[in-house]
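Take a look at the structure set out below.
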There are 2 protein chains.
Amino acid sequence: MPAPATEERDRLDRAALLDTAEALFYAHGIQAVGMDRVREASGLPLKRIYRLFATKEDLVVAVLRRRDRRWRESLAAHVERVAGPRERVLAVFDWLAAWCAEPGFRGCAWINAHGELGAASEAVLTEVRAHKRAFHDQLSGWVRATGLPLTEPVYLLAEGAIVTAGITGDPSAAGHARKAVEALLRGAAD
Amino acid sequence: MPAPATEERDRLDRAALLDTAEALFYAHGIQAVGMDRVREASGLPLKRIYRLFATKEDLVVAVLRRRDRRWRESLAAHVERVAGPRERVLAVFDWLAAWCAEPGFRGCAWINAHGELGAASEAVLTEVRAHKRAFHDQLSGWVRATGLPLTEPVYLLAEGAIVTAGITGDPSAAGHARKAVEALLRGAAD
DNA sequence: TAAGGTAGAGAACGACCGTTCTCAACGTCA
DNA sequence: TGACGTTGAGAACGGTCGTTCTCTACCTTA
C-alpha cells in the first residue's frame, strides 16, 4: 500500500519542516530567512517543500497556526492544573514569566510577524488577529470565572508584558503584570 | 556665501527625506519600501539621498529617532496642559486613544520596526529600546507625581493598548486601559 | 570666455529573493 | 527485463534589493 505510506511520509516531513521553519523564522525573522535556508536546515529538497506548501506565505501561515495551537494548549494545561478562579488568572502570568525567561525568547511571534508582514500579507494579518482573539477569549473565560469584569485590563496587562519582555529582553515584565492583576482583583472585590 | 546655503539646503532636504521615508516605512513596512521608492516619493536623486544618509539603516534610525522626539513631545504637550497628577496620568490614555484613532494608524512604529529588524539590525534594536525606555521614564515621572507606586502597571497597560490597537485596528483598547488605570488609582489610594 | 569641480538622472552591479526547470537516478509494475 | 512515473539535487530564471558608477549639464571662479 504505497498511498498511505506516502501520506504518512508527507505528514512527518510537514511536521519536520514546520519545526525547522518555526525555529528559523522566530530566531531571525521571516523575511531574513530564505527558502534555501529552510531547505538546508530541514534537509528536504526544495521541490518537496513546495509540494507540501505551495508558497512561502502558506508555510508562514502554517507555522503560525501550529504555534498558536501549541502555545495556547501549553498555557491552558498550566492554568487548569491550578484550583480557584483567581489563582488561575494569576497562573497565566506565572506561565508568561516562565515563557519570557526561556533561552532564545525573542518576543511574541505573532506581534513580530505583524510588524514584518502585517501590511504586506493579508493571510498573515488574519492569522495574527485570529491568534490574538483566541488568546483574548481563552483569558476571558478564566477571568469571568472570578465573577469580576476584568477581562480587558488583564488582557492588556498580558499583552503589555509580552511586548515589553520581547523588546527589552527583561522577563520581569510578567511579574509586574501579575502584581497589577493582584491589585485589580483586590480592588474590584470590595 | 555658498557653504551656509549648502548646509541649509542639506537641512531642508534631510527633513523632507525623513518626512517621506517615515510615511512610507510606517504605512508599508521598512523592508517593503526600497530606496528607489523613497527616491521617487521624495523627488531627491539617489546620489543626494546617499550623501545625506550613508545607508538605508542610517535613514531608518534617523526616522525612528526624529519620530521619537516628536511623539513624546506631542504626548508631553497634551499631558502637561492638564492640572492634577492623577488627571495627567489619565490624560496619557486620552492622547493614546486619539493617536490610535488617527486615519492611517498602523500600530507602534517601534514595535513594528522591532518585529522587522530587531533580530537583524543592532542599530534599530538600540533605537527601539531607547524609545521604549524614554517613554517609560516619561510616564514614570507623571505616575510618581501621584505618590502611588503604579509606574509598571500603567506602563504595561499603555503598551498593551498600543500593541492591541495596532493589531486589531480597534482603538478602544486605550479606553479600556484608561478605565483600568482609574481602578488602580482608586484601589491604591485607600 | 575657458576650465574645473559638482550635481542630477538613471543605468548598472552584484547579491539574493521566491519559484520553476532540467536531468539523471530510482523504484515499481507489466 | 524494460518502460514509465516519481523523486532528488541543484542550476536557472526573472525580479528586486541596496548601493555605486557613468556621463552629461551646469554653475562657479579666474
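Side chains included, hydrogens not; waters and symmetry mates left out as well; all remaining heavy atoms used. Proteins get letters first, then strands, A, B, ... in listed order; numbering begins at 1 in each.
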(request) Find the distance A/Ile49:CD1 to C/dT19:C1' and express it as a whole number of Å. (result) 12 Å

(message) Just to be sure I understand the geometry, which residues of residues 116-125 of chain B put a non-hydrogen atom under 4.0 Å away from DNA chain C?
(response) none

(request) Rounded off to whole Å, could you give me the NZ-to-C1' distance for the A/Lys56 and C/dC17 pair? (result) 8 Å

(request) For A/Tyr50 and C/dT22, give me the distance from atom OH to atom C1', rounded to whole Å. (result) 18 Å

(message) Would the distance check show the side chain of A/Arg14 and the main-chain N or O of A/Leu52 forming a donor-acceptor pair, the cut-off being under 3.5 Å?
(response) yes

(request) Tell me, with the steps shown, if B/Ser140 and B/Arg144 meet side-chain hydrogen bond (donor to acceptor under 3.5 Å, both in side chains). (result) CA-CA 6 Å; B/Ser140 174; B/Arg144 269 180 296 140; 3.2 Å; yes

(request) Quickly work out the B/Asp36 CG to D/dG15 C1' distance and round it to whole Å. (result) 13 Å

(message) Out of the candidates B/Thr146, B/Leu184, B/Val79, B/Leu148, only one should pair with B/Val89 under the side-chain contact (heavy atoms from CB on, under 4.5 Å) rule; please name it.
(response) B/Thr146

(message) Checking side-chain polar atoms at under 3.5 Å, does A/Thr164 have a donor or acceptor matched by the opposite partner on B/Glu159?
(response) no

(message) How many whole angstroms separate atom CD of A/Glu40 from atom C1' of D/dA9?
(response) 14 Å

(message) Using modelled atom types and a 3.5 Å cut-off, is there a donor and acceptor pairing between side-chain atoms of B/Thr20 and backbone atoms of B/Ala16?
(response) yes

(message) Using a heavy-atom cut-off of 4.0 Å across all strands, would you classify A/Val33 as base, sugar-phosphate, or nothing?
(response) sugar-phosphate

(message) I'd like to compare against my own output: the B/S/- annotation of nucleotides 8-14 of chain C with a strict under-4.0 Å heavy-atom distance to protein.
(response) BB-----

(request) Let me see the working for B/Asp58 and B/Arg65 under salt bridge (Lys or Arg N to Asp or Glu O under 4.0 Å), right down to the final yes or no. (result) CA-CA 10 Å; B/Asp58 287 354; B/Arg65 188 164 302 170; over 6 Å; no

(request) Starting at atom CG of B/Leu24, determine the distance to atom P of D/dC17, rounded to an integer number of angstrom. (result) 12 Å

(message) Using whole Å, what does the distance between atom P of nucleotide C/dC17 and atom CD1 of A/Ile30 come to?
(response) 15 Å

(request) Identify whether the distance between the nearest side-chain nitrogen and carboxylate oxygen of A/Asp137 and A/Arg133 falls below 4.0 Å. (result) no

(request) Check whether the ring centres of A/Phe135 and A/Trp71 lie less than 6.0 Å apart, and answer yes or no. (result) yes

(message) Between A/Trp142 and A/Glu80, is there a side-chain donor-acceptor contact under 3.5 Å, judged purely by atom types and distance?
(response) yes

